[in-house]
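Just so we're on the same page: letters track the sequence lines, and every chain starts at 1. None of these values were measured; they are calculated from a predicted model. Computation of the quantities below employed the complete heavy-atom set of this structure, encompassing side-chain atoms and omitting hydrogens, waters and symmetry-equivalent molecules.
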2 protein chains.
Amino acid sequence: MESRTGEPRHAAAPPTRRRGRELQQAIYQATFEQLREVGYAGLTMDGVAAAARTGKAPLYRRWPDKDALLVDALRDRLPSADDIPLAGDLRSDLIAILRFLRGACAITADTALQTVKQQSEGVHAMMRERISEPTRRLILETLRAAEERGDTRPGSATPLTARVGPAMIAYQNLSAPTELTDEFVVSVVDEVLLPMLRGPA
Amino acid sequence: MESRTGEPRHAAAPPTRRRGRELQQAIYQATFEQLREVGYAGLTMDGVAAAARTGKAPLYRRWPDKDALLVDALRDRLPSADDIPLAGDLRSDLIAILRFLRGACAITADTALQTVKQQSEGVHAMMRERISEPTRRLILETLRAAEERGDTRPGSATPLTARVGPAMIAYQNLSAPTELTDEFVVSVVDEVLLPMLRGPA
DNA sequence: AATTTAAGAGACCCACTGGTCTCCTAAATT
DNA sequence: AATTTAGGAGACCAGTGGGTCTCTTAAATT
């Protein structure tokens, strides 16, 4: 409005202009901010652009549509199941795996993530591939190894029992995200999983 | 288009015109049809009206907005926790309660219900009050009674263990709704809950 | 039979949002 | 320093959907 020619802007916003990876990260961060503030339903490209203090053009230059942005933003921030530190001990491994899930849930700090997962087929597929599937596989392996060692009752390692941990995390995240604490994770292992695995058939 | 005056419509749609409760039920049914076909995201008032073969006016004459319609439609169709037949036997009571939950999930036959629950605060509140809360209370009572009788290990009846059943149902409904069968319910009780409740502390 | 109520159909308005495009210029590159 | 690349800001367009309103007429009521 006031200064349209090259005359130096006195003290307004520092005329910095981010590029490439730096801008990309700012956009990802803005996406999560928006997700947290207005939820998936209220998420708009304009909103993300504004939150990232950029325009829509740079968004559409990078991603073909909103869905693709979501998928990339989430993928960038989700932890990898490969990083789960496994020691070969039933209890500590179960705790480690569920902690990983808890971390995955925590990236949006509220239910938004679950909602997004259901609304966007792309996000759903990515999360299944990156989180759900490897986690369940890992748990089942852990359970089988424990059963083999005789640490748990015979027949305790099944696809069904392997789902209990993830189910508890997801349910808690859905119904009371703030209570999805590390103590909760430990409680699930000690009060639910271990009794179930060692209890009588 | 063709016959605008009073001349009798030859063989077109039977000129029936529903009213009151009959129409209301037709609207509820149309709502679920739409939910099933296009999901929550695609649910529109026009769509519901069309599916119910009526106009938008009757919709807005009954409900102030989409949310209110959803809440009423769901409330009308959800089973009541009061109808759960309890016998006083741990296993059969657990099965009965989880069957009830399964039935509640089944009313839209896919993930739509979970999605709606998260998108609409009104629906969420209603379901918490009508389904989640009474169910958890019921389960905890059942667990406490069993523990008191000595059917389960001491300390097995806790808010946490009471959540396991609902968590498994919800998780399955989310990840593989078609496999949320009655056998699944029974398996959860026999392979997860009972071992957990009877296993060693 | 006359009257009242509300259903069915759809026009209409408006806000919003996804997506495109343009213009100017800061930053990177040569 | 000159040139190229792409960021920031926002105008613009088109489609959509929520919500209101109107008009005709079927059904219920008196």
Side-chain angles (χ1 to χ4, degrees), chain A residues 1-9 12-31 34-35 37-71 73 116 119-120 122, chain B residues 1-9 12-31 34-35 37-71 119-120 122:
Chain A
M1 283 290 190
E2 45 246 49
S3 69
R4 47 218 288 254
T5 53
E7 65 177 86
R9 246 166 247 149
T16 184
R17 186 182 281 189
R18 301 146 303 171
R19 294 201 149 209
R21 183 155 194 79
E22 186 189 356
L23 178 59
Q24 186 199 59
Q25 289 297 319
I27 294 172
Y28 287 162
Q29 190 186 326
T31 304
Q34 288 293 296
L35 225 38
E37 283 169 26
V38 299
Y40 178 82
L43 191 77
T44 69
M45 293 301 255
D46 292 272
V48 172
R53 295 211 329 274
T54 181
K56 285 201 290 180
L59 294 192
Y60 283 102
R61 202 174 294 132
R62 281 151 210 270
W63 300 278
D65 52 36
K66 196 163 76 160
D67 221 60
L69 166 60
L70 256 308
V71 169
V116 175
Q119 296 281 319
S120 155
Chain B
M1 283 287 192
E2 46 245 51
S3 68
R4 46 218 289 255
T5 53
E7 65 178 87
R9 247 166 248 149
T16 183
R17 186 183 277 190
R18 301 147 302 172
R19 293 200 148 210
R21 183 156 194 78
E22 186 190 355
L23 178 59
Q24 184 199 62
Q25 288 297 318
I27 293 172
Y28 287 163
Q29 190 185 326
T31 304
Q34 288 293 295
L35 224 39
E37 283 169 28
V38 300
Y40 178 82
L43 192 77
T44 68
M45 293 301 256
D46 292 89
V48 172
R53 297 210 329 274
T54 180
K56 286 202 289 183
L59 294 191
Y60 283 102
R61 203 173 292 132
R62 281 153 211 268
W63 299 279
D65 52 38
K66 197 163 75 160
D67 221 60
L69 166 59
L70 256 309
V71 169
Q119 296 281 319
S120 156

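- Considering only residues two or more places apart in sequence or on other chains, Tyr28(B) meets the ring-ring contact (aromatic ring centres under 6.0 Å, His included) condition with Trp63(B).
- In terms of the side-chain hydrogen bond (donor to acceptor under 3.5 Å, both in side chains) criterion, Asp65(B) has no residue partners (sequence neighbours excluded).
- Applying the ring pair (Phe, Tyr, Trp, His ring centres under 6.0 Å) test to pairs two or more places apart or on separate chains, none has a residue in residues 38-60 of chain A.
- Atoms CD1 (Ile27(A)) and P (dA6(D)) sit 14 Å apart, rounded to a whole Å.
- Separating the CG atom of Leu69(A) from the P atom of dG19(C) is a distance of 11 Å, rounded to the nearest angstrom.
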Quick one: side chains of residues 50-58 of chain B, donor-acceptor pairs under 3.5 Å with protein atoms, not counting sequence neighbours, listed by atom name and distance.
unit_1, atom_1, unit_2, atom_2, d
Lys56(B), NZ, Asp46(B), OD1, 3.4

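- Looking at residues two or more places apart in sequence or on another chain, you find no side-chain hydrogen bond (donor to acceptor under 3.5 Å, both in side chains) involving Arg61(A).
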For this session: Let me have a per-nucleotide readout for nucleotides 7-21 of chain D, 5' to 3', with B, S or -, counting only protein heavy atoms under 4.0 Å.
Result: BSB-------SBBBB

